[in-house]
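Proteins get letters first, then strands, A, B, ... in listed order; numbering begins at 1 in each. We use all heavy atoms of the structure for the numbers below, so side chains are in, but hydrogens, waters and symmetry mates are not. All of these numbers come straight from a predicted model, not from anything done at the bench.
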Protein chains: 2
Amino acid sequence: MKKTAKIPYAAIERLALYSRPLKVLLKTGVTVVSSEKLAEYCGVNPAQVRKDLAYFGEFGVRGVGYDVNDLLREIQSILATDREWTLCIIGVGNLGHAIVENDNFREMGYRFVAAFDKDQEKISKRLPCGLLIESVERLRDVVRLRNIQIGVITTPPDEAQRVTDLLVDAGIKGILNFSPTQVKAPKSCVVENVDFAVRFEHLAYHLSKVPLK
Amino acid sequence: MKKTAKIPYAAIERLALYSRPLKVLLKTGVTVVSSEKLAEYCGVNPAQVRKDLAYFGEFGVRGVGYDVNDLLREIQSILATDREWTLCIIGVGNLGHAIVENDNFREMGYRFVAAFDKDQEKISKRLPCGLLIESVERLRDVVRLRNIQIGVITTPPDEAQRVTDLLVDAGIKGILNFSPTQVKAPKSCVVENVDFAVRFEHLAYHLSKVPLK
DNA sequence: CCTACCATGTGCAAAATTTCACAATATTTT
DNA sequence: AAAATATTGTGAAATTTTGCACATGGTAGG
Ligand SMILES: NC(=O)c1ccc[n+]([C@@H]2O[C@H](COP(=O)([O-])OP(=O)(O)OC[C@H]3O[C@@H](n4cnc5c(N)ncnc54)[C@H](O)[C@@H]3O)[C@@H](O)[C@H]2O)c1
Ligand SMILES: NC(=O)c1ccc[n+]([C@@H]2O[C@H](COP(=O)([O-])OP(=O)(O)OC[C@H]3O[C@@H](n4cnc5c(N)ncnc54)[C@H](O)[C@@H]3O)[C@@H](O)[C@H]2O)c1
């Protein structure tokens, strides 16, 4: 594999996808898996699986397949989920609550160490996970003090850019924005806009092409 | 534009993206927008905007741009969000709760008319939006009775395929699966797997490539 | 009515991504 | 130990998607 081949954006996302069945196989006691099986579990082409993995190294054994445990560790190392990340959430509404309380994220190494809101009713309340909701006015200080790397935005869309600017100003390195607007930040801060309502719209589009009987 | 050009999957998702700033412009009283502006708001190339729209028709006026109101309606018509869809949710945990309670979805035409869980503690409780949580055992009957078209899965991943099979059996036409596993269904049922934890992993990957100071 | 101007719609080239097909290599069978 | 079988890694082909560049058609001002 050419050393500096450009890695498709989609390949990274598929890597994450591959890790899901690997975890299940590991628990089930299966030790080896082929690109064909893995592809089947994830609904992709086997050559795609092999090529995606080949961007990062040679993890398989010809004629045999991939060692489940090894491959999972390799993928986690590539995706940097083998380490701890410190995060904060801004906007503790229904979605923010769901994300912060999700055990899965903790297991993946995402540790929420702060939660901010601007609603006086919510500030100073404690979440089930133990996290205290703080005023968004404290954001800058708290981000610096607790060395927070990633900010997750779950405010309404009209507040999202303002919150982004606050986060950037506080020196945050990455942002996940769940509000349905594209926020912008300087190159020093990596932004991922996650508008998952588009998936509803995508489904509706497909259903509208299909006779609904 | 060639009549039967194959429409890229990504084009559909971008259409949804374009609708977000259009709604804001409409509210702000702006009546006309150029592909350049729209592209800027959405972080894409202006030619891309024009080409995406051209798959479906000629919505603009040369030398002028697009009428905000008209374009929004066209997009909503294409994405079939100009009509009502009836949905149910399976798994009323934190995420399921957030989705059902989200006003935005209702405004987009997604009407949740049933919520199912298997937890006896939750069954028969009423959600803030007024929806009653019902036993998943009633799924088949309720789906048919209330003419439900789309099922949204927010159960843990190890239950997702079972729930999918139930939904398919009940005759559902589309499924949105939010659990981190790829569920499979016959071609008669359109499935959209929405594993948004991959976006966390994607961000972590990028941050690990960047010096974190 | 003519001219200057502007932004769309689109043919075509470029780039990116996916898939094929097979050489390479490990294991199992005879 | 040779043959048969299995499955990876990858160059090259096929396909898909994006972006350029400009003709086209509409507006506005004189
Ligand atoms: N709920 C969902 O299923 C869902 C799905 C996709 C996207 N979203 C988006 O996620 C965002 C949150 O959704 P939700 O359902 O949790 O809404 P919500 O109204 O329940 O929560 C929003 C929270 O943000 C807080 N907030 C507002 N402005 C703030 C600011 N400047 N600083 C700090 N906190 C602020 C509010 O006080 C509130 O607690 C919205 O943009 C929504 O469109 C939600
Ligand atoms: N919370 C998040 O931010 C988040 C993000 C991404 C993905 N997810 C995924 O979404 C799913 C739900 O997440 P959550 O945080 O809401 O979890 P949760 O534990 O709060 O909720 C799960 C709910 O599903 C119900 N359930 C379990 N099996 C069922 C069955 N067979 N039929 C009907 N109901 C059943 C449970 O009783 C519970 O109420 C999980 O798969 C999770 O991985 C969650």
Student: Between P on dT18(C) and CD1 on I7(A), what's the gap in Å once rounded to a whole number?
Tutor: 13 Å

Student: Return the SG to CD1 distance between C88(B) and I148(B), rounded to the nearest 0.5 Å.
Tutor: 4.5 Å

Student: Let me know the distance between CZ of R50(B) and C1' of dT24(D), rounded to the nearest Å.
Tutor: 13 Å

Student: Identify each atom pair where a protein N or O and an N or O of nucleotides 26-30 of chain D are less than 3.5 Å apart, giving names and distance.
Tutor:
none

Student: So, the side chain of K184(B) versus the backbone of Y41(A): is there a donor-acceptor pair under 3.5 Å, distance only?
Tutor: yes

Student: Under the side chain to side chain contact (heavy atoms under 4.5 Å, CB included) test against L72(B), which residue among D82(B), L26(B), V33(B) passes?
Tutor: L26(B)

Student: Got a donor-acceptor contact below 3.5 angstrom from the E101(A) side chain to the C129(A) backbone?
Tutor: yes

Student: With respect to the phosphate group of dT17(D), does any side-chain polar atom (N or O) of N45(B) fall under 4.0 Å of OP1 or OP2?
Tutor: no

Student: Could you check how far CG of D52(A) sits from C1' of dA16(C), rounded to whole Å?
Tutor: 14 Å

Student: Check if the side chain of K51(B) and the base of dG19(D) share a donor-acceptor pair of N or O atoms closer than 3.5 Å.
Tutor: yes

Student: Answer yes when E13(A) and R199(B) have at least one side-chain N-carboxylate O distance shorter than 4.0 Å, and no when they do not.
Tutor: yes

Student: Write down the distance between CD (E13(A)) and C1' (dT18(C)), rounded to a whole number of angstrom.
Tutor: 16 Å

Student: Does the pair F116(A) and L166(A) meet the rule for a side-chain contact (heavy atoms from CB on, under 4.5 Å), with working shown?
Tutor: CA-CA 12 Å; F116(A) 302 101; L166(A) 280 178; over 6 Å; no

Student: Between S35(B) and dT8(C), is there a side-chain N or O to OP1/OP2 distance below 4.0 Å?
Tutor: yes

Student: Give the rounded distance in Å between these two atoms: CD of E36(A) and P of dT8(D).
Tutor: 8 Å

Student: Could you state the CD-C1' distance from Q48(A) to dT8(D), rounded to the nearest angstrom?
Tutor: 16 Å

Student: Does a side-chain N or O from K6(B) land closer than 4.0 Å to OP1 or OP2 of dT15(D), or not?
Tutor: no

Student: Whole angstrom is fine here: how far is it from CZ in F56(B) over to P in dT8(C)?
Tutor: 18 Å

Student: Using the side chain to side chain contact (heavy atoms under 4.5 Å, CB included) rule, pick out the option among V194(B), T155(B), I89(B) that qualifies with F178(B).
Tutor: V194(B)

Student: Is Y66(B) near enough to dG9(C) that one of its side-chain N or O atoms lies under 4.0 angstrom from OP1 or OP2?
Tutor: yes

Student: Could you state the atom-to-atom distance from CG of D67(B) to P of dT8(C) in whole Å?
Tutor: 13 Å

Student: Looking at dT18(D), I'd like to know if its phosphate oxygens (OP1 or OP2) sit under 4.0 Å from a side-chain N or O belonging to R14(B).
Tutor: yes

